[in-house]
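Since this is a predicted model, take the numbers as computed values, not measurements. Ligands are counted one by one from 1 in listed order, and the atoms in each one are counted from 1 as well.
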Amino acid sequence: MRRALVTGVTGQDGSYLCELLVARGYEVHGLVRRPPVAGPTPVQLHVGDLGDVQGLTRLVAAVDPHEVYHLAAQSDVGRSFEQPELTQATNATGTAHLLEALDNAAPGARFLLASTAAMFASSPHPQDEDAPVDPRSPYGASKAAAHRATTLARESRGRFAVAAILFNHESPRRAGTVVTRRIARAAARIEAGATDPLELGRLGSVRDWGWAPEYVEAMWRMLQADTPADLVLATGEGHTVAEFCAAAFAHAGLEWTDHVLHDAALDRPVPDDSLIGDPARARSTIGWQARTRALEVARLMVDAEREALERPRR
Ligand code: NAP
């Protein structure tokens, strides 16, 4: 049986990826920061710390994974401006520590990093794998370092190590602070009678939003490839935050401009206005293509928020 070690199992992508791996017959192990409060899961959970190379080495030796998916991160871009050091320690140093533990105890394990479009400059776009690296946030900078550590593990150590360059991908499991969740939740709440407006930062920012379960499928495919390659995972379509709002609110029978306000205090300190990916290489090398596009993502997320609102009343 193939064994996978996944970090970040409690997050959006980690949860979908674990489901996929379990369904494909893997023995799945997850690294968590604290003991779980819920009952047993099909994933074997291990409490550990990305700051502790010795502990990670022991974990890796015990699990002896064939594949390692490193998804754990301080993934909140806004928070990274407030806590740059913590972001760097978790995302950059944490990745270096995990790679060192793999060198110590699992030299043959394949490794995937959840890298990000946030390491790229806003233009030119669409951004492909060779786009200029010019991060606009401490988060992007920390991930650019993790990305480089991953390519170095491949180039200097010969490890099958790849970086999935993830453009935004969403789902009802997205963190509640993320703009797409906030928009979907507000649309569903206002449809149900709430009256408070939704305040957002830059409404003209362009993002390439896909559907998270499709992206974890691509991560899995990246580790099954014959040769290791870093790949952009994206839909290839850009939409403004305003367009995402329009789709979500229209799905709830509402006009978004009646309910959404721009609050300049929520604008990012350094704008990164246009992140649109070019997924051509992923299509040609691993046969992957995003199917669900941004405006459909908005509608699916409103449906999920509606269901969540109705659940307690049943
Ligand atoms: P998420 O929902 O925010 O999940 C982050 C995960 O990382 C959680 O399981 C969290 O655990 C864990 N974590 C945070 N700090 C940690 C630490 N110090 N030690 C160990 N674990 C820690 O993120 P996601 O949306 O699933 O994203 C998965 C990965 O893809 C992340 O690396 C993110 O940066 C990257 N990415 C995501 C997107 C996107 O659109 N979703 C785009 C580009 C890149 P706790 O439950 O303990 O907090």
Side-chain angles (χ1 to χ4, degrees), residues 5-20 30-38 41 43 45-53 55-56 59 68-80 83 85-98 101 111-120 127 135 137-147 150 163-181 207-216 218-219 222 230-235 244 272 275-277 290 292 294 297 301:
L5 174 62
V6 183
T7 72
V9 286
T10 53
Q12 169 188 264
D13 291 3
S15 68
Y16 286 119
L17 179 65
C18 287
E19 287 169 11
L20 177 148
L31 173 75
V32 288
R33 287 198 266 189
R34 48 189 89 84
V37 280
T41 72
V43 178
L45 298 176
H46 306 264
V47 177
D49 183 346
L50 287 172
D52 171 15
V53 181
L56 291 172
L59 169 64
V68 177
Y69 297 85
H70 181 35
L71 313 185
Q74 193 305 90
S75 66
D76 183 327
V77 179
R79 187 178 160 205
S80 78
Q83 295 183 295
E85 201 177 312
L86 173 115
T87 303
Q88 181 75 9
T90 304
N91 299 358
T93 314
T95 300
H97 286 165
L98 183 55
F111 176 84
L112 178 136
L113 169 77
S115 180
T116 173
M119 71 178 181
F120 292 143
Q127 290 98 358
S137 64
Y139 167 76
S142 69
K143 282 286 189 169
H147 184 111
T150 301
I165 307 167
L166 299 159
F167 283 66
N168 291 62
H169 50 283
E170 316 298 309
S171 78
R173 299 184 194 174
R174 197 69 152 117
T177 50
V178 173
V179 67
T180 51
R181 268 300 294 285
R207 287 291 179 274
D208 178 330
W209 284 292
W211 187 238
E214 296 170 10
Y215 286 58
V216 302
M219 293 180 200
M222 285 176 72
D230 303 330
L231 294 176
V232 161
L233 302 179
T235 70
F244 195 96
D272 54 349
L275 294 174
I276 306 169
T292 312
V297 169
M301 289 180 74

For atom 37 (C) of ligand 1, what is the closest protein heavy atom, and at what distance to 0.1 Å? His169 CE1, 3.8 Å
Subset of ligand 1 atoms that lie under 4.0 Å from at least one heavy atom of Thr10: 8 (C), 9 (O), 10 (C), 11 (O), 45 (P), 46 (O)
Nearest neighbour in protein (non-hydrogen) for atom 34 (O) of ligand 1: Tyr139 OH, 2.6 Å
Closest approach of any protein heavy atom to atom 47 (O) of ligand 1, naming residue and atom: Arg33 NE, 3.0 Å
Pull out every atom of ligand 1 sitting under 4.0 Å from any heavy atom of Ala114, numbered as shown with elements. 29 (C), 30 (O), 32 (O), 35 (C)
For ligand 1 and Ala175, I'd like to know whether there is a polar contact (N/O to N/O, distance under 3.5 Å). no
Counting only heavy atoms, which portion of Leu166 has something under 4.0 Å from ligand 1: side chain, backbone, both, or neither? both
OG1 (Thr10) and CG (Leu31) are apart, to the nearest 0.5 Å, by 9.5 Å
What distance separates Met301 CE from Thr180 OG1, expressed to the nearest 0.5 Å? 3.5 Å
When you compare ligand 1 with Gly14, is there at least one nitrogen or oxygen pair between them that comes in under 3.5 angstrom? no
Which of the atoms of ligand 1 are close to Gly8, meaning less than 4.0 Å from one of its heavy atoms? 6 (C), 7 (O), 9 (O)
What's the spacing between Trp209 CH2 and Thr292 OG1 if we round to 0.5 Å? 15.5 Å
How close does the nearest protein non-hydrogen atom get to atom 18 (N) of ligand 1, and which residue and atom is it? Thr90 CG2, 3.4 Å
Which of the ligand 1 atoms, numbered from 1, are nearer than 4.0 Å to a heavy atom of Ser115: 43 (C), 44 (C)
Sub-4.0 Å atoms of ligand 1 with respect to non-hydrogen atoms of Ser75: 1 (P), 3 (O), 23 (O), 33 (C), 34 (O)
Contact atoms of ligand 1, heavy-atom distance to Arg34 under 4.0 Å: 47 (O)
On the 0 to 90° scale, with breaks at 30° and 60°, tag the Phe120-Phe167 ring pair as parallel, tilted or perpendicular. tilted
Value rounded to 0.5 Å, distance of CG in Leu20 from CG in Asp13: 11.5 Å
Strictly distance-based, threshold 3.5 Å: is any side-chain N or O of Asp208 a donor or acceptor partner for the main-chain N or O of Gly277? yes
Given Phe111 and Leu98, is the side-chain contact (heavy atoms from CB on, under 4.5 Å) satisfied, shown in steps? CA-CA 10 Å; Phe111 176 84; Leu98 183 55; 3.9 Å; yes
As an exercise, identify every atom of ligand 1 less than 4.0 angstrom from a heavy atom of Arg174. 25 (O), 39 (C), 40 (O), 41 (N)
Numbered in order shown, the ligand 1 atoms found under 4.0 Å of a heavy atom of Leu71 are 28 (C), 29 (C), 31 (C), 32 (O)
Going from CD on Gln83 to OG1 on Thr90, what distance comes out if it is rounded to the nearest 0.5 angstrom? 9.0 Å
Ignoring hydrogens and geometry, is there a side-chain-to-backbone donor-acceptor pair from Arg174 to Arg181 under 3.5 Å? no
Ignoring hydrogens and geometry, is there a side-chain-to-backbone donor-acceptor pair from His169 to Gly210 under 3.5 Å? no
Nearest non-hydrogen protein atom, atom 5 (C) of ligand 1: Ala73 O, 3.7 Å
Does Lys143, backbone or side chain, put an N or O under 3.5 Å from an N or O of ligand 1? yes
Give a yes or no on whether the backbone of Ala290 and the side-chain of Thr235 come within a donor-acceptor separation of less than 3.5 Å. no
Can you tell me how far the NE2 atom of His147 sits from the CD1 atom of Ile165, to the nearest 0.5 Å? 4.5 Å
Looking only at protein heavy atoms, what sits closest to atom 2 (O) of ligand 1 is Gln12 N, 3.0 Å
Evaluate Gly11 for polar contact with ligand 1, using N/O atom pairs at a separation under 3.5 Å. yes
Any nitrogen or oxygen of Asn168, main chain or side chain, under 3.5 Å from a nitrogen or oxygen of ligand 1? no
Once you restrict to heavy atoms under 4.0 Å, what part of Asp13 touches ligand 1? Side chain, backbone, both or neither. both
Gln74 and Ser80, any side-chain heavy atoms less than 4.5 Å apart: yes
What protein heavy atom sits nearest atom 21 (N) of ligand 1, and how far off is it? Ala72 CB, 3.5 Å
